[in-house]
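Here's the structure we're looking at; comments come further down.
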Amino acid sequence: MVQSISILAGQNKDGNPEHFKRIDILRGEIVGVVGPTGSGKSALVEDIEQLAQSDTPTHRKILINNMIPEQDMRFNPKKKLVAQLSQNMNFIADMSVEEFLLLHSRCRNKNPNLIEKVIQHANMLTGEPIKKEMNLTVLSGGQSRSLMVADVAFISDSPVVLIDEIENAGIKKHEALQLLSGYGKIVLVVTHDPLLALLTRRRIIMENGGIKKIFDTTGEERLLCDMLYRIDKELFKVREMVRQGEEVSACFKWDGSYSNHVDFVVQN
Amino acid sequence: MNVVIVAGTPGAGKTAVLLHTLRHLLEQQKLISIAKVDCLYTDDHIRFQKIGIPTLLGLSKDMCPDHFTIFNLSEMVEFAQKNNSDMLIVETAGLCHRCAPYTTNSLGVCVIDATSGPNTPLKVGPFLSTANVVAITKGDIISQAEREIFRERILEMNPGCRIIEANGLTGKGAAELANYFSESSGFDCETEELRHNAPFSICTLCVGETRILKNYHRGVLRHMDGIHEYTGE
């Protein structure tokens, strides 16, 4: 069981040492990774995937449960540490949701009864219900993403989940992260989506191939995040009303300050 | 000299993955030569030459491209020796599902496209099952579940292989692949043998017959029902 992952400092693209000693990430924690294109976000994730031991271009070391991982953990493809979810991913298998989940659970030696739970939790993340007899390829973006999240939470064994740019997914992002972390996953969120980035307890800031600093989410940011979350929830409702062909009735009142609550209420 | 043989179906991303891997190898000051084989046309050799790597191009034309690669392997090695290279990388033409060009002491690298469907690993045969390293490409556009199923199917066909999830666009996996490239050793043209025989059916189609009716065909032939026969004198 992976209880913690530690990143030990390496170097940036110029060969200069990174400005930290080590980062310990515990089971169930959600950590943000931010920085512009080319800043080294992907290389960081790759280091974790490969369990780097100063043998990657960044020279970082990764510890599992405070120890250097065994060779088998590094090279056995059945023990891949990182599961990934991104905006660009699609289902390409031409089969029903049920057949597909059964196939995946067989591959992972999981109890086939689990698939009811996967569908049930996926439906908590999307507005349009997923039924088990639906074909995978007809699912909408939101349905697909929700099913992928629930599938990773229950069927994939990988203890780390990387969420890469999942901004416009049409799913309840907050609940999706809670689901993953609630089942003990370490969640790395590579994103510039303010709601997702501020939802994390801390974020790793990348620059020039190295980790520039580790930033703890401030109280003010958390407060802002709460409000963004509420706006997001209301937006979700509006989206569903549009989808259902209803007239949208909502009002948006806000006095401009962060300390006050946002008055954006959708009337059903 | 290290000899690395890279095989895969057409369009799987062999060249793209190789270009990223070469950058890592060049950073490690490796002296590399490349032999690129294709059937009718390619401009991939220009892409290799652009990053400063001596590249030998071979077009197989009427010959089976896999047989062409195997037949010309010693000439490719001579080319690399002339360049004083310590590594020869052979990129084969997109293979049919029957051949595997790896030899006993080369490093066999299979590049396989994850979007080709979960049953592909079961279909492609010896170039997957006799590879040392399998690089899965385009995995970033399919779901995690499908990636895991794909991986599992590869392991069913080749339990001992190392799997790399590579990306020809971003270069993901290339550093890891570059490390494996340096591990291959002991290649010797005199004694080198294929790990898996090339198809041994020799029939009239191999020598240019174009009519389709069964009566016109001679040689080692296999019927739809699986019966294998020799027809001829």
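All figures in this text were calculated on a predicted structure; none of them were measured in a lab. So that the names make sense, note that chain A is the first sequence line, chain B the second, and so on, each numbered from 1.
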In terms of heavy-atom proximity below 4.5 Å to chain A, should [X] be classed as side chain, backbone, both, or neither?
X: Asn119(B); result: neither
X: Glu152(B); result: side chain
X: Ile149(B); result: both
X: Ala145(B); result: both

Proximal component of [X], with respect to chain B [non-hydrogen, under 4.5 Å]:
X: Gln84(A); result: both
X: Ser158(A); result: side chain
X: Asp151(A); result: side chain
X: Arg108(A); result: side chain
X: Ser42(A); result: neither

Are Glu176(B) and Arg162(B) within salt-bridge range, i.e. N to O under 4.0 Å?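 Salt bridge flag = no for Arg162(B) with Glu176(B).
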Counting heavy atoms not belonging to [X], are there more than 12 under 6.0 Å from its [atom1]?
X: Gln178(A); atom1: CD; value: yes
X: Glu133(A); atom1: CD; value: yes
X: Lys110(A); atom1: NZ; value: yes

Step-by-step side chain to side chain contact (heavy atoms under 4.5 Å, CB included) determination, Ser33(B) to Gln81(B): CA-CA 9 Å; Ser33(B) 288; Gln81(B) 280 165 342; over 6 Å; no
Pick from Pro101(B), Cys99(B), Cys39(B): which one makes a side chain to side chain contact (heavy atoms under 4.5 Å, CB included) with Pro65(B)?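 It is Cys39(B), the one option of Pro101(B), Cys99(B), Cys39(B) that forms the side chain to side chain contact (heavy atoms under 4.5 Å, CB included) with Pro65(B).
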Give a yes-or-no answer on whether the side chains of Thr56(A) and Glu46(A) include a donor-acceptor pair shorter than 3.5 Å.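 Thr56(A) vs Glu46(A): no donor-acceptor pair found between side chains.
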